[in-house]
Amino acid sequence: MLNDPRSHGLWEKTAPSPPPAPRLEEVVAADVAIVGGGYTGLSAALHLAERGVHVRLLEAAEIGFGGAGRNVGLINAGMWVMPDDFPRELGPLYGERALDLLGQGPYLVRELIETHGISCELEKNGTLHCAAGADGMKELEERARQWQKRGAPVTLLNAAETEQRTGSSTYSGSLLDMRAGTLQPLAYARGLAHAAVKAGAKLHTGSAVVETGEANGKKFVRTAHGQVSADWIIVATDAYSTGPWKQVRLEQVHLPYFNLATAPLGDNLRRSIVPGREGCWDTKEILSSFRMDQAGRLIFGSVGALRGTGTAIHKAWARRSLKRIFPQLGDVDFEAEWYGLIGMTDNALPRFHKFGRNVVGFSGYNGRGISPGTTFGKVLAAHVLGEISEAELPLPLTDTTEPGFRSLKEAYYEAGAQIAHFAGERF
């Protein structure tokens, strides 16, 4: 995409093709107009079209262009915050409701993949949150306690068990979550698009919305070349939002995250490095993640942007880190490199917004887009169909508010990641 190998990297190289989605070039009517071709928009389109609703989805660039096509590919349950923080932040009603829904989210992802035959390298062997030192282990012990009291299938592993699963002696232990897993994120987005089209949804790429409004009792969204009038508008643009709903992007602080993929490893290395293909990440403040794809590539990522001086700094740090974490790996070259932007809200929890009568959207996934995006897309479809009232939604209604010093924080995150990676393992 963008004729830039650093925009979507390995995922663009290995994903199946998307369905045809011609630019909108006419004035049309629909029941629901969806803006955004990521997981939320595509899930909403699929679930609505399966119920016979006439859907038009407009995407400014290409299917999976934003976070959906750039991330690590971990199908996580819940969010970054501790489970007990949900009711503290959202109140007991919404907190437990959202936590339960997002805790079950990976199962919905699996169900859609299996139902629609989506080819996206799905792995169902769980994820490993790896403890960096004694403090990291204490964090995981508390996280395990909070999930286990809610009946979640999570298991705290010791250092030896973690080494057996990861192939590394670096970690003090880990938290195994069997709800979770991994997939090829762009392939999953394109698979949802194919399923939505098959169900009857109309998709349009290269169709950025430049204006929205209401006329003759109908909502409308206008692009440079066409217009859709509809009873409902679903805003599913999230951290890459521009145009009429740019306030969704401005509500979030962008955190850059990069990924590097090795060439496929040999059989011996595949048997010793994450042999069960769990998705892994650590407890460090400037975290790292790693996983294997089905071809045996090791995908390694961390906070930072592959641009300017950051490109050389982050790649050199990644080579050093991989040699430290996996001494058996030796020196490595990277077959693909890419980075994207994670939208972070001030409390690290998602938002529900109402932008006017029958104009709604969820946003703010804080690096957990696959499962929450899919889940909230289904919820929005049910809300539009009248099956879930506003009071029954998993999140309270909030206004969009721009955090203080947003631009300064974004510059700090990018520069800080470079400084930390240049200095080595001091942070």
Kindly confirm or rule out a cation-pi arrangement of Arg97 over Tyr94, judged by NZ or CZ under 6.0 Å from the six-membered ring centre and within 45° of its axis? yes

Please tabulate, one pair per line, all N/O donor-acceptor pairs under 3.5 Å involving side-chain atoms of residues 37-44, not counting sequence neighbours.
unit_1, atom_1, unit_2, atom_2, d
Tyr39, OH, Ala68, O, 2.7
Tyr39, OH, Pro185, O, 3.1
Thr40, OG1, Tyr365, OH, 2.7
Thr40, OG1, Gly373, O, 3.4
Ser43, OG, His47, ND1, 3.3
Ser43, OG, Thr374, O, 2.7
Ser43, OG, Lys378, N, 3.4

Taking side-chain contact (heavy atoms from CB on, under 4.5 Å) as the definition, give me every residue that meets it alongside Ala152, ordered by chain and number, with sequence neighbours left out. Trp147, Val154, Arg179

Are any of the side-chain heavy atoms of Cys120 and Ile113 separated by less than 4.5 Å? yes

Without swapping roles, check the side chain of Glu123 against the backbone of Asn125 for a donor-acceptor pair under 3.5 Å. no

Stacked cation flag Arg165 on Tyr171, 6.0 angstrom / 45 deg: no

Do Arg56 and Ile34 make a side-chain contact, defined as non-hydrogen atoms from C-beta onward lying under 4.5 Å apart? no

Quick one: ring pair (Phe, Tyr, Trp, His ring centres under 6.0 Å) partners of Tyr257, sequence neighbours excluded? none

Report the C-alpha distance between Glu139 and Arg143 in whole Å, list the side-chain angles of each, state the deciding distance to 0.1 Å, and finish with yes or no for salt bridge (Lys or Arg N to Asp or Glu O under 4.0 Å). CA-CA 6 Å; Glu139 175 191 330; Arg143 192 177 291 272; 3.7 Å; yes

Under 3.5 Å, is there a donor-acceptor pair between the Ser302 and His421 side chains? yes

Would a 4.5 Å heavy-atom cut-off, applied to side chains only, mark Leu10 and Asp293 as touching? yes

Keeping to residues at least two apart or across chains, list the salt bridge (charged side-chain N to carboxylate O under 4.0 Å, His left out) pairs with something in residues 241-263. Arg249-Glu410, Glu251-Arg351

Any heavy-atom pair between the side chains of Val274 and Cys280 that's under 4.5 Å? yes

Looking only at non-hydrogen atoms, find the nearest pair between Leu122 and Glu114 and report the distance. CD2-OE2, 4.4 Å

Asp238 CG to Gln252 CD distance, which is reported to the nearest 0.5 Å: 4.5 Å

Crowding at CG, Asp4 (>12 non-hydrogen neighbours, <6.0 Å): yes

Who pairs with Phe326 by ring pair (Phe, Tyr, Trp, His ring centres under 6.0 Å), at least two apart in sequence or on another chain? Phe290

Is it true that Glu12 and Arg190 have a side-chain N and a carboxylate O under 4.0 angstrom from each other? yes

State, to 0.1 Å, how close Gln184 and Ala15 come at their nearest heavy-atom pair, and which atoms those are. NE2-N, 3.3 Å

For a side chain to side chain contact (heavy atoms under 4.5 Å, CB included) check, start with the C-alpha distance between Val235 and Phe362, then their side-chain angles and the critical distance, and finish with the verdict. CA-CA 8 Å; Val235 180; Phe362 287 101; over 6 Å; no

Using only atom types and a distance under 3.5 Å, with no angle test, would you say the side chain of Asp85 pairs donor to acceptor with the backbone of Arg88? no

Rounding to 0.5 Å, atoms OG (Ser207) and CG (Leu58) come to a distance of 6.0 Å

Would you check if the side chain of Thr182 reaches a backbone N or O of Leu74 as a donor-acceptor pair within less than 3.5 Å? no

Heavy-atom closest pair, residues Pro394 and Ala98: O-CB, 3.3 Å

Set of ring pair (Phe, Tyr, Trp, His ring centres under 6.0 Å) partners for His194, sequence neighbours left out: none

Could you tell me whether the side chain of Arg406 and the main chain of Glu402 form a donor-acceptor pair under 3.5 Å? no

Mind checking whether Asp331 and Arg319 have side chains closer than 4.5 Å, heavy atoms only? no

Under 4.5 Å between any side-chain heavy atoms of Glu142 and Leu140, yes or no? no

Using a strict 4.0 Å threshold on nitrogen-to-oxygen distance, state whether Arg150 and Asp84 make a salt bridge. yes

With Glu390 via salt bridge (Lys or Arg N to Asp or Glu O under 4.0 Å) - residues at least two apart: Lys354

Donor-acceptor pair, distance only, cut-off 3.5 Å: does the side chain of Arg23 make one with the backbone of Thr205? no

In Å, rounded to the nearest 0.5 Å, how long is the span from CG of Leu108 to OG1 of Thr375? 5.0 Å

Which heavy-atom pair separates Leu265 from Arg270 by the least distance, and what is that distance? O-NE, 2.8 Å

Among Phe334, Trp317, Trp281, the one residue meeting ring-ring contact (aromatic ring centres under 6.0 Å, His included) with Phe300: Trp317

Whether the side chain of Arg291 engages the backbone of Leu183 through a donor-acceptor N/O pair (distance < 3.5 Å, no angle test) should be reported. yes

Quick one: list whatever passes ring pair (Phe, Tyr, Trp, His ring centres under 6.0 Å) with Tyr413, sequence neighbours left out. none

Within the 6.0 Å centroid threshold, strictly below: Phe258 and Tyr339: no

Ignoring hydrogens and angles, tell me if any N or O in the side chain of His204 forms a donor-acceptor pair with the backbone of Pro22 under 3.5 Å. yes

Sorted by chain and number, sequence neighbours left out, side-chain contact (heavy atoms from CB on, under 4.5 Å) with Ala201 holds for Ala45, Ala49, Val55, Ala196, Leu203

List in chain and number order the residues that pass side-chain contact (heavy atoms from CB on, under 4.5 Å) with Asn366, two or more places apart in sequence or in another chain; answer none if no residue qualifies. Met79, Trp80, Met344, Thr345, Ala348

All heavy atoms of Tyr240 vs all of Leu341, minimum pair found to be OH-N, 3.0 Å

Side-chain donor-acceptor pair under 3.5 Å between Ser168 and Thr166, yes or no? no

Could you tell me which non-hydrogen atom of Trp338 sits nearest to which non-hydrogen atom of Pro5, and how far apart they are? CB-O, 4.2 Å

Quick one: does any side-chain atom of His383 pair with a main-chain N or O of Ile388 as donor and acceptor, under 3.5 Å? yes

Could you tell me if Gln328 and Asn268 have a donor-acceptor pair between their side chains, going purely by distance under 3.5 Å? no

Sequence neighbours excluded, which residues qualify as salt bridge (Lys or Arg N to Asp or Glu O under 4.0 Å) partners of Lys198? none

Short question: side chain of Gln418, backbone of Ala415 - any donor-acceptor pair under 3.5 Å? no

Partners of Gln164 by side-chain contact (heavy atoms from CB on, under 4.5 Å), sequence neighbours excluded? none

Quick one, His8 and Arg6 - any side-chain contact, counting heavy atoms below 4.5 Å? no

Using atom types as modelled and distance alone, determine if a side-chain donor or acceptor of Gln247 lies under 3.5 Å from a backbone N or O of Leu250. no

Would you mind reporting whether Leu112 and Tyr188 have side-chain heavy atoms less than 4.5 Å apart? yes

